[in-house]
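Heads up, the thing below is written out as structure tokens.
Quantities reported herein were computed from a predicted structural model and do not represent experimental measurements. Order of the sequence lines fixes the chain letters, A, B, ..., with proteins taken first and strands second; residue numbering starts at 1 for each chain.
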Amino acid sequence: EAGVAQSPRYKIIEKRQSVAFWCNPISGHATLYWYQQILGQGPKLLIQFQNNGVVDDSQLPKDRFSAERLKGVDSTLKIQPAKLEDSAVYLCASPRGAGGITGELFFGEGSRLTVL
Amino acid sequence: KQEVTQIPAALSVPEGENLVLNCSFTDSAIYNLQWFRQDPGKGLTSLLLIQSSQREQTSGRLNASLDKSSGRSTLYIAASQPGDSATYLCAVFGNQFYFGTGTSLTVIP
């Protein structure tokens with residue numbers, strides 16, 4: 001089966017600019033996660049989708065971050081305006097298993113953002 | 001709130017050694033625990049998944065154990081190789097996935 005696809009792999013922007021990341025999870029996986037990983041730390045959950053609905057966005061900085069998954073397949077994460085502290089790797093993941101929640105979690109290669 | 005701790009934060013061993021990485025978690029109400037490998041600049045690659053009803057899982061030179069009641073898991077790597085150099089993260093799933101900060105492993109040729 002194809003893995004989780006993410007793009008772009010790298011992005012460098014100036015602070016206050018905007019950026020968008022795209023993710024296509026493994027086919028048939030209803031649940032999709034976006035994580036932020038700062039260097040030296042574990043992934044931090046930003047948002048969880050179940051099909052095209054938001055399950056958990058409690059840690060998403062909603063004043064600048066937004067995400068959507070309109071057709072329950074691929075998803076876009078946007079940051080506008082970006083701050084220096086947003087420099088991180090943005091990871092998309094989808095789990096396999098009964099109900100699409102409790103199974104093995106698969107990650108994409110990530111999108112590395114540098115804000116100057 | 002679930003907290004996941006990995007000790008040590010970094011480990012350096014000579015090639016050929018057997019080694020153990022540790023993962024501890026504070027809430028034993030989990031459905032599964034997963035070990036990942038992360039190479040620099042890359043995403044996380046799944047190594048082993050242990051369901052809460054299982055005690056261990058094996059894949060090649062890797063063996064992971066789970067003691068849910070004590071909140072501990074170990075990842076055993078046999079006959080380490082330079083290619084094993086990476087950061088190893090564990091994650092537990094309860095109502096969501098909680099990650100440790102990882103152990104950075106360097107295997108010296």
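- The line from CD of A:Glu104 to CG of B:Leu47 is 9.5 Å long, rounded to the nearest 0.5 Å.
- Atom NZ of B:Lys68 has more than 12 neighbouring heavy atoms from other residues, nucleotides or ligands inside a 6.0 Å radius.
- Residue-environment remark: NZ (A:Lys78) stays at or below the threshold of 12 foreign heavy atoms within 6.0 Å.
- Pairing each heavy atom of B:Gly43 with each of A:Leu91, the nearest pair is CA-CD2, 4.0 Å.
- Note that the CG atom of B:Leu89 and the CD atom of A:Gln37 stand 6.5 Å from one another [nearest 0.5 Å].
- The cluster map of Ile, Leu, Val, Met, Phe, Trp and Tyr, joined by side-chain heavy atoms under 4.5 Å apart, puts A:Leu46 and B:Val4 in different clusters.
- Under a cut-off of 6.0 angstrom, the local environment of CD in B:Glu17 is crowded, with over 12 non-hydrogen atoms contributed by other residues, nucleotides or ligands.
- In this structure, the portion of B:Phe36 lying under 4.5 Å from any heavy atom of chain A is its side chain and not its backbone.
- B:Val92 and B:Leu21 fall within the same hydrophobic cluster, defined by Ile, Leu, Val, Met, Phe, Trp and Tyr side-chain heavy atoms under 4.5 Å apart, directly or through other members.
- Here CZ of A:Phe106 is found 10.5 Å from OG1 of B:Thr45. Values are rounded to the nearest 0.5 Å.
- Linking Ile, Leu, Val, Met, Phe, Trp and Tyr residues whenever their side-chain heavy atoms come within less than 4.5 Å leaves B:Leu66 and B:Tyr31 in two separate clusters.
- Put simply, of A:Leu45, A:Leu39, A:Leu105, the one with the most heavy-atom pairs under 4.5 Å next to chain B is A:Leu105.
- Separating the OH atom in A:Tyr35 from the CZ atom in B:Phe97 is a distance of 6.0 Å, to the nearest 0.5 Å.
- Residue contact with chain A, scored on non-hydrogen atoms closer than 4.5 Å, involves the side chain of B:Gln38 exclusively.
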